[in-house]
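For reference, the structure discussed in these notes is given below.
Sequential numbering from 1 along the given sequence is applied to the chain's residues.
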Amino acid sequence: MQQDVVSGEQYRYALTNFRIAHEKVEEQRAQLEEQERQVAQLRARIALLEGGSAGVVGKSGNSVDDFSIKNAAAQLEKMINRWASDIVRSPPVSLIDLCGAILNDLASTITETAPRYDGSSIQVQSLLRHIISETISEGIINCLVVTNSPEANDQLTRIHEHIFVRDPTIASVWRRQTYSAAVDSCSPDMTASVLVEHMPALLKCMDGALPTTGGKSIIDAAYDFSRMIHGSHASSGDAFYRAFVPELGSTLSPRQNELVKRCMRSEAGNIDRVGATVFPGLVKVSKGPAIPGQEPEIIQTVVRRAQVICECALTGSSIPPSASMLA
């Protein structure tokens, strides 16, 4: 039987080539690993500059888009409804007094065409939802709550508005980076400050009791919602979100308002008005395309319409009221 035999020189040559090839493969593998490491560092740096990973919410890790924002808003809306129901079921004072306190707190936003409120349970429950919606919108969502200092938050809000007018992209990065260092929750003093500013008379009727349901503060839940929409790189890109609450007695707008109860006037083709807003609407604020010689237009796109009860459903009458109760 013939055997394949190579000389020692051929064997050493083959062995040397194998070793050289192996070293080159190892060198290439090390280069690829170094490239991957550098890419990972670059991505981490970009995420840091943006205040978090693109499209990711800090704690949950879920991507944020208009759909997820609507779902989160629906959960907050349920909390508010439960809180209002609990108050009406076991009111700290008479419903008439509660109604008067709420209207007193809302006096600066009530239109001349607001309906007449008689303090019925459905009216008080709806007005409770209206005033907490107003408080959440102006005190939490539309003010960049990053610290437990109201003065610092107001200053940060003004800074963001100034940056957004100049460059929405820089404002977007600045906003996310700022929220990456935000407090985890509102302190008791911060919560009290927001409530005293927006609903002092109602807070007095409730003997200072904070709005809670199921053992969770509604203000804290609203703050979590605000952090989600402001502190993440959402699909909106350079845009940011603002909340709005239609005023009592304002004309219903199909683009901005969604009725939670049947409206007889609207079905008859007549104009109806807002009886109460039970949850704020959300708009996405962005800048339009640049036009030479002109300032870019500020565009507001309704992402979620405000949830409202019309005047006729709240008052039980299809006849327009002639006056409103303010005390």
Side-chain angles (χ1 to χ4, degrees), residues 47-80 132-161 163-164 168 171-195 197-198 210-245 279-286 303-304:
L48 179 62
L49 291 174
E50 292 185 341
S53 297
V56 173
V57 183
K59 292 184 178 180
S60 66
N62 295 325
S63 61
V64 176
D65 53 21
D66 291 346
F67 180 75
S68 57
I69 287 173
K70 290 178 182 179
N71 285 343
Q75 296 304 312
L76 180 58
E77 182 181 358
K78 290 178 182 177
M79 286 187 65
I80 293 173
I132 198 68
S133 295
E134 181 78 24
T135 300
I136 287 171
S137 296
E138 298 305 319
I140 301 294
I141 297 176
N142 294 347
C143 177
L144 300 187
V145 179
V146 180
T147 75
N148 278 315
S149 167
E151 295 78 12
N153 293 333
D154 289 342
Q155 182 67 20
L156 289 170
T157 302
R158 289 192 292 270
I159 291 173
H160 173 261
E161 291 173 352
I163 297 174
F164 181 82
S172 177
V173 174
W174 179 90
R175 187 173 61 250
R176 294 194 299 273
Q177 188 172 7
T178 301
Y179 264 92
S180 69
V183 294
D184 291 331
S185 61
C186 293
S187 68
D189 288 344
M190 180 64 193
T191 299
S193 174
V194 171
L195 295 175
E197 180 180 358
H198 296 281
L210 303 181
T212 59
T213 181
K216 184 173 178 59
S217 165
I218 289 179
I219 297 300
D220 280 348
Y223 175 63
D224 290 342
F225 177 69
S226 178
R227 286 185 68 187
M228 183 191 75
I229 63 176
H230 291 318
S232 302
H233 182 32
S235 59
S236 54
D238 298 337
F240 70 99
Y241 295 91
R242 288 185 61 86
F244 67 95
V245 176
F279 194 77
L282 281 175
V283 295
K284 186 188 298 181
V285 184
S286 59
V303 175
R304 191 180 195 271

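You'll find the side chain of Phe279 reaches within 4.5 Å of the side chain of Leu76, heavy atoms only. Looking only at side-chain heavy atoms (C-beta outward), Trp174 and Leu156 come within less than 4.5 Å of each other. Between His230 and His160, every side-chain heavy-atom pair lies at or beyond the 4.5 Å cut-off. By the 4.5 Å heavy-atom criterion applied to side chains, Val194 and Tyr223 are not counted as neighbours. Side-chain contact between Val183 and Met190 is absent, with no heavy-atom pair separated by less than 4.5 Å.
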| task | Kindly determine whether Thr178 and Leu144 satisfy side chain to side chain contact (heavy atoms under 4.5 Å, CB included), including the steps that lead there. | result | CA-CA 9 Å; Thr178 301; Leu144 300 187; over 6 Å; no
Apply side-chain hydrogen bond (donor to acceptor under 3.5 Å, both in side chains) to Arg176 and Ser180, showing your working. CA-CA 6 Å; Arg176 294 194 299 273; Ser180 69; over 6 Å; no
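The nearest pair of heavy atoms linking Val303 to Tyr241 is CG2-CE2, 3.8 Å. Nearest heavy atom pair, residue Ser137 against residue Val245, reads OG-CG2, 3.4 Å.
Partners of Val285 by side-chain contact (heavy atoms from CB on, under 4.5 Å), not counting sequence neighbours, listed by chain and number: Phe164, Phe240, Arg242, Val283, Ile298, Gln300. Listed by chain and residue number, nothing satisfies the side-chain hydrogen bond (donor to acceptor under 3.5 Å, both in side chains) test with Asp220 (two or more places apart in sequence, or in another chain). With sequence neighbours left out, His198 forms a side-chain hydrogen bond (donor to acceptor under 3.5 Å, both in side chains) with no residue at all. Applying the salt bridge (Lys or Arg N to Asp or Glu O under 4.0 Å) criterion to Glu134, with sequence neighbours excluded, gives no partner residue. With sequence neighbours left out, the salt bridge (Lys or Arg N to Asp or Glu O under 4.0 Å) criterion links Lys216 to Asp224. Residues forming a side-chain hydrogen bond (donor to acceptor under 3.5 Å, both in side chains) with Asn148 (at least two apart in sequence, or on another chain): Ser187. Scanning for side-chain contact (heavy atoms from CB on, under 4.5 Å) contacts around Ser149 gives Thr147, Glu151, Ala152, with sequence neighbours left out. A search for side-chain contact (heavy atoms from CB on, under 4.5 Å) contacts involving Ser193 returns Pro150, not counting sequence neighbours. In terms of the side-chain contact (heavy atoms from CB on, under 4.5 Å) criterion, residue partners of Gln155 (sequence neighbours excluded) are, by chain and number, Arg158, Ile159.
Atom CD1 of Ile219 and atom CG of Leu210 lie 8.5 Å apart (nearest 0.5 Å).
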